[in-house]
Structure formats: C-alpha cells, structure tokens
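When reading the values below, keep in mind they use all heavy atoms of this one structure, side chains included, and skip hydrogens, waters and symmetry mates.
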Amino acid sequence: MRIAQLAGRTVLLTNEGAIDVPASFEGHVFERWDELLDWSTTAEGARPYDESDLEAPVPAPRQVFAVALNYRPHTAEAGYEEPEAPLVFTKFPTCLTGPYTTVDLPPGHVDWELELVAVIGREARRVPVEKGWEPVAALTVGQDLSERIAQLAGRPAQFSLGKSHPGFGPVGPALVSLDEIPDPDDLELTCELGGEVVQHDRTGNMIFPVPRLVAYLSEFCTLLPGDLIFTGTPAGVGNRRVPQRFLTPDDELVSRIGSVGEMRHRFRRTTP
C-alpha cells in the first residue's frame, strides 16, 4: 500500500493512478492503518494525477527525529570515529515539503543528504530492539537538506536550525507499508545531482538499523503516530568533497530508494 497526499486529499497510489481514500479515514490514517490496508486490496476508481501535486505524505507530524553519522563511510569522510550510541537531533516540522517541489536556497552552503525515513504508526514507549519494527507503519524517502554554515557554527555546534529552513525536509512520494518491501533492512539508496551519482549505499550498512533507532528513541520519549525518523545519510555529501560542492539554482536533485520511491527537486535562490 502506498498512501500519499495529493492536492490536499489522502489517496492510494497505484500503477493505474490515484484512488481517493474514503473520507472516514481522513485524519485517522494511522489509527485505522490495518483497515486501510484491507481497503487497499480491493480499491477501485483510479484517476490520472500530476506528480507535482503530491505533498508531504505526513502533513503535520508532531515530532521529526534525525540521526547523524549512521553510515560508517559517512562517519569516516566526516572525520569522526564510529559513535557508540545514535547521535540524534531534530528537524522542525515546518521544514517539510513534498517530493517534487522547488526549494528556496537561503544564503550559505546548502548540502544534500539522502535518507530512509521511518514513519511511526502507533504510540510507542521503551520498545525492545527485537520488536523495533512493530511501531513502524511505513517507510518513505527523505532529504535532510542542510545549510552547513549555520549547522556547524558554535562550539559545540547545533544542527537543528541549519536543517530546518522551509523546504529542507522533502519527504515522499508516499507512505509505503512494510508488506510492499521485500527486505526493509537492506534497501538501495541512490542520490543523483545533475545526472551524476553522488551517494550510493544500502541501508544494511547502517551502524544503528531502524529497530535500534526506534528502541533508543523510545527510551527517552514517547513516539507518536505520524512521527518521522530520518535515519542517517550515506557518504558523498557536498561539504566533504574536494573541492566542496553545494546546491545551486536550477540544480536537479534525484533521491531514490529501492522499493520505496523517488523524489526530484529543483532549487532557486531567495531574494531579500
């Protein structure tokens, strides 16, 4: 099942097009997730749609978590040792945008970070690692866009503000239920900039896989339906290249995760 937001409506995406989800599910997608799965198996009435009308599949999550240095090659390129526990920060929900938008570039150095995003489907607290997939309703594709000057300013640096400009949290194109994914622990990630592959890895190479992240976060706070967990990015980000490379106006960034989906974004420079 692939659930999306299309021009303000909750829809099921199929090979034939989009099918409007019954109005009774609106606002209750996660509470009625199992019912929605049952409905999706016989849903009819697909219609064509424009990808540009797709919005962030979770319009207003209450909590958005993100994890730094969760792939060994990225940890190495950043010049750090492998962390002993997940390094967690937040992205503020107002940064979220859809899977095919144009993002305004603020002053500074804006970088890309392709990430698998786990979507929480039910309230969860103190989840054992061996049950870490149970609260996860779906997966989606994310970009943890980052303005590096603000992110790395100060001693110690704080990440959240530099990663929360409007449009800095692209997610989508849909919430993909776990039954659609052959092996959620080993998915291929590919990020392309202007047709060049700049990131490529598999989620099986995470230092802290999704179940470990769910268990760790739920030790500190209650996870809520609709919460997003950006699970970390592979090697290949722009500020660790020689020479450094950052996003520019008219760049096209393609973010792809096998079995989950693909996003495409363009960029423009904001004016004062």
Taking only distance into account, with no hydrogens and no angle test, what donor-acceptor pairs under 3.5 Å do side-chain atoms of residues 177-191 form with protein atoms, sequence neighbours excluded?
from   : atom 1 : to     : atom 2 : distance (Å)
Ser177 : OG     : Met1   : N      : 2.9
Ser177 : OG     : Met1   : O      : 3.3
Ser177 : OG     : Asp179 : OD1    : 2.5
Glu180 : OE2    : Met1   : N      : 2.6
Asp183 : OD1    : Asp185 : N      : 3.1
Asp185 : OD1    : Trp133 : NE1    : 3.1
Asp186 : OD1    : Arg202 : NE     : 3.0
Asp186 : OD2    : Arg202 : NE     : 3.4
Glu188 : OE2    : His200 : NE2    : 2.6

Name each donor-acceptor pair under 3.5 Å that joins a side chain in residues 16-24 to protein atoms two or more places apart or in another chain, with its distance.
from  : atom 1 : to    : atom 2 : distance (Å)
Asp20 : OD1    : Arg47 : NH2    : 2.7

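Residues that satisfy the side chain to side chain contact (heavy atoms under 4.5 Å, CB included) test with Ala150, not counting sequence neighbours, are Glu147. Every residue was checked against the side chain to side chain contact (heavy atoms under 4.5 Å, CB included) condition with Asn15, not counting sequence neighbours, and none meets it. Considering only residues two or more places apart in sequence or on other chains, Ala78 meets the side chain to side chain contact (heavy atoms under 4.5 Å, CB included) condition with Leu69, Tyr80, Arg240. With sequence neighbours left out, Ser52 forms a side chain to side chain contact (heavy atoms under 4.5 Å, CB included) with Asp50.
Listed for the Thr140 side chain is a donor-acceptor partner under 3.5 Å among the backbone atoms of Ala174. Remark: side-chain polar atoms of Arg269 are paired, donor with acceptor, to backbone N or O of Pro106 under 3.5 angstrom. A donor-acceptor pair is defined here as one N or O able to donate and one able to accept, closer than 3.5 Å; such a pair exists between the side chain of Asn70 and the backbone of Phe208. A donor-acceptor distance shorter than 3.5 angstrom exists from the side chain of Arg2 to the backbone of Val260, with no hydrogens or angles considered. Counting only distance, with no hydrogens or angles, the side chain of Gln199 and the backbone of Pro234 share a donor-acceptor pair below 3.5 Å. Thr233 contributes a side-chain N or O that, together with a main-chain N or O of Leu114, makes up a donor-acceptor pair within less than 3.5 Å. Put simply, the side chain of Ser164 never gets that close to the backbone of Leu161: no donor and acceptor are under 3.5 Å apart.
Trp112 belongs to a hydrophobic cluster whose remaining members, ordered by chain and number, are Val103, Leu105, Val110, Leu145, Phe168, Leu193, Val198, Leu247, Leu253, Phe267; membership requires side-chain heavy atoms of ILVMFWY residues under 4.5 Å apart, directly or through intermediates. Here Leu224 sits alone; no ILVMFWY side chain lies under 4.5 Å from its own, so it joins no hydrophobic cluster.
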Would Thr90 and Phe92 count as a side chain to side chain contact (heavy atoms under 4.5 Å, CB included) here? Give the steps. CA-CA 6 Å; Thr90 59; Phe92 297 109; 4.3 Å; yes

List the steps, then state whether side chain to side chain contact (heavy atoms under 4.5 Å, CB included) holds for Val171 with Val119. CA-CA 11 Å; Val171 286; Val119 185; over 6 Å; no

Would you please test Val127 and Glu134 for side chain to side chain contact (heavy atoms under 4.5 Å, CB included) and show each step? CA-CA 9 Å; Val127 179; Glu134 291 184 8; 5.9 Å; no

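Applying the side-chain hydrogen bond (donor to acceptor under 3.5 Å, both in side chains) test to pairs two or more places apart or on separate chains, those with a residue in residues 215-229 are Gln63-Asp227. Sorted by first and then second residue, the pairs that involve residues 27-50 and meet ring-ring contact (aromatic ring centres under 6.0 Å, His included), not counting sequence neighbours, are Phe30-Trp33. Counting only residues at least two apart or on different chains, the ring-ring contact (aromatic ring centres under 6.0 Å, His included) pairs with a member in residues 221-257 are His109-Phe246. Sorted by first and then second residue, the pairs that involve residues 111-120 and meet salt bridge (Lys or Arg N to Asp or Glu O under 4.0 Å), not counting sequence neighbours, are Asp111-Arg148, Glu113-Arg148, Glu113-Lys163.
One finds a salt bridge joining Glu262 and Arg264 here, because a Lys/Arg side-chain nitrogen approaches an Asp/Glu carboxylate oxygen to under 4.0 Å. A salt bridge is absent between Arg241 and Glu77: the closest approach of a Lys/Arg side-chain nitrogen to an acidic carboxylate oxygen does not fall below 4.0 angstrom.
Looking at every heavy atom in both residues, Pro99 comes nearest to Glu55 through CD-O, 3.7 Å. The two atoms that bring Gly98 and His265 nearest to each other are O-NE2, 2.8 Å, heavy atoms only. Counting all heavy atoms, side chain and backbone alike, Val129 lies closest to Pro211 at O-CB, 3.5 Å. Across Gly121 and Pro225, no two heavy atoms sit closer than the pair O-CB, 3.8 Å. A pairwise comparison of heavy atoms in Gln143 and Met263 identifies N-CE, 3.9 Å as the closest pair. Closest non-hydrogen pair, Gln244 versus Asn239, comes out as NE2-O, 2.9 Å.
A 4.5 Å side-chain heavy-atom check between Phe159 and Ser146 finds every atom pair outside the cut-off.
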